[in-house]
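Reckoned from all heavy atoms, side chains included, excluding hydrogens, waters and symmetry mates. Order of appearance sets the numbers: ligands from 1, and atoms from 1 within every ligand. The shown structure was predicted, so the numbers you read here are calculated from the model rather than taken from an experiment. One-based numbering along the sequence shown.
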Amino acid sequence: MSTIRLDKYLADAGSGTRSEIKSDIKKGKVLVNQVTATRPEQKIDPDTDVIQYDNRLIRFAPYEYYILNKPAGYVSATKDNTAPTVLSLMESPRKDLFPVGRLDKDTEGLLLITNDGALAHRLLSPRHHVDKTYYVIVDGIVDETDIHAFANGLSIGDEDLDVALPARLIVLKTDQSEKKLSYVSVTIQEGKFHQVKRMFQALGKKVLYLKRIRFGSLSLPDDLPSGEYRELTEDEILLLKKLSFTD
Ligand code: URA
């Protein structure tokens, strides 16, 4: 259950400017569950509370949740001067959407886009260890030694202090021809900068292709083409919220 300030909710719903709304609340023009509101900062739950403004029922979903299949070449940010951002792929008129966490410019795949800052904060908090799974093509043959190194937690920085938590590395297929490529999946519990690339680099191997296929309870749908997005279903949102509240 997410709550929001009454004046912000009404402003986001396009009912007026924040100062007009504050003044109208003080004039008694806003009802919450049939009771006259007096404080603009009153917290309401848009899913369950009934809000009336000037005798009009206000219905508005303050939070939006999308799953985007990010193509390479887009930056996971709200603004960038050098390349298009993932938000340029979205048609929503909302100005407050942002990507939850970052994928490198050349990384593809699952990106959660929302304006629910509290949920994003919980999902990204290192305390929560939300699993992220990547499909990776690696230059070279990934072997048992690499699997164990990932499982034990690798040092990925210049200093031994930068240690990645244990990660699951599964070899899906290897190409033993002259090319020597490995097709693997990697599940990590954190989101350190260039983490998957740095983990392979620490073992002397190079990532050639990286695509996120799972983020917490969300999987990248097979029928969502690159560059496209869709709204999350109620069940998907609920599962993500539950996950973000577990330790
Ligand atoms: N790890 C990386 O190296 N890059 C990403 O974009 C995501 C995880």
| Check: Pro225 main-chain N/O paired with Glu228 side-chain donor or acceptor under 3.5 Å |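 No; judged by distance alone, with no hydrogens or angles, the pair does not exist.
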| request: Using a strict 4.0 Å threshold on nitrogen-to-oxygen distance, state whether Lys197 and Asp104 make a salt bridge. | output: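 A salt bridge links Lys197 with Asp104.
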| said: Could you check whether Glu41 pairs with Lys22 (Lys NZ or Arg NE/NH1/NH2 to Asp/Glu carboxylate O, under 4.0 Å)? | reply: no
| task | At a heavy-atom distance under 4.0 Å, which protein residues reach ligand 1? Sort them by chain and number, would you? | result | Leu103, Asp104, Thr107, Tyr134, His194, Gln195, Val196, Lys197, Leu210
| request: I would like to know whether Tyr65 and Asp116 meet side chain to side chain donor-acceptor pair (under 3.5 Å); could you show each step before the answer? | output: CA-CA 8 Å; Tyr65 305 87; Asp116 185 342; 2.5 Å; yes
| request: Please determine, by modelled atom types, if Thr174 and Ser182 share a side-chain donor-acceptor pair under 3.5 angstrom. | output: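 Distance-only check fails for Thr174 and Ser182.
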| task | Using ring-ring contact (aromatic ring centres under 6.0 Å, His included) as the criterion, list what pairs up with Tyr134, not counting sequence neighbours. | result |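 Testing Tyr134 for ring-ring contact (aromatic ring centres under 6.0 Å, His included), a comparison that skips the adjacent residues, returns none.
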